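None of the values given here were measured: they were computed from a predicted structure.
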Amino acid sequence: MSFKVLFIGHAPDADKSIHRSIIDTGLYKLYSVIVRNQDEAIEVSKEIHEKENIDAVILCPGFTHIEIAEIYHNLDGEVSVNVARGDGPSSRISKLARERSYTK
């Protein structure tokens, strides 16, 4: 039985049905999906949890505390929900990079 994790990232040009992948080592299975917004993040997390019974969700640094809580509650508190954030300087660097990349 493998440890199953879902990584969710945000991108304004994402198509959740196309921008996804699975890495499976046998003992660790990582699903990744890039979504456009919070509604899609909730939809994808529920969909994959129902199909695959995931153990954890890892969210990109762009998720807010409220969005994290919404995902946790939509998974009925059955799945660990984590955020890929660094220290203060790293978080600022990541934020600037996202703003630079997503501004058109």
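- Listed by chain and number, the residues in a side chain to side chain contact (heavy atoms under 4.5 Å, CB included) with A69 are H73 (sequence neighbours excluded).
- Taking A84 as the reference, I58 meet the side chain to side chain contact (heavy atoms under 4.5 Å, CB included) condition, with sequence neighbours excluded.
- Nearest heavy atom pair, residue A11 against residue I34, reads CB-CG2, 3.6 Å.
- With sequence neighbours excluded, no residue forms a side chain to side chain donor-acceptor pair (under 3.5 Å) with T25.
- With side-chain heavy atoms closer than 4.5 Å counting as contact, directly or through intermediates, the hydrophobic cluster containing L75 also holds L6, I8, I22, Y31, V33, V35, I42, V44, I48, I54, V57, L59, F63, I68, I71, Y72, V79, V81, V83.
- Evaluation of the salt bridge (charged side-chain N to carboxylate O under 4.0 Å, His left out) rule for K4 yields no partner, not counting sequence neighbours.
- Here E40 pairs with nothing under the side chain to side chain donor-acceptor pair (under 3.5 Å) rule; sequence neighbours left out.
- Here the straight-line distance linking atom CD of E52 with atom NZ of K29 works out to 5.0 Å at 0.5 Å rounding.
- Legend: residues meeting side chain to side chain donor-acceptor pair (under 3.5 Å) with D15, ordered by chain and number and at least two apart, are S17.
- We find the CZ-NE2 distance between R36 and H19 to be 9.0 Å, quoted to the nearest 0.5 Å.
- Residues that satisfy the side chain to side chain donor-acceptor pair (under 3.5 Å) test with E78, not counting sequence neighbours, are H49.
- Here S2 contributes atom OG and L30 contributes atom CG; the two are 11.0 Å apart, rounded to the nearest 0.5 Å.
- Cluster partners of L27, using a side-chain heavy-atom cutoff of under 4.5 Å among ILVMFWY residues and allowing indirect links: none.
- In I66, the CD1 atom is not crowded: 12 or fewer heavy atoms of neighbouring residues, nucleotides or ligands sit closer than 6.0 Å.
- E47 pairs by the salt bridge (charged side-chain N to carboxylate O under 4.0 Å, His left out) definition with R20, K51, not counting sequence neighbours.
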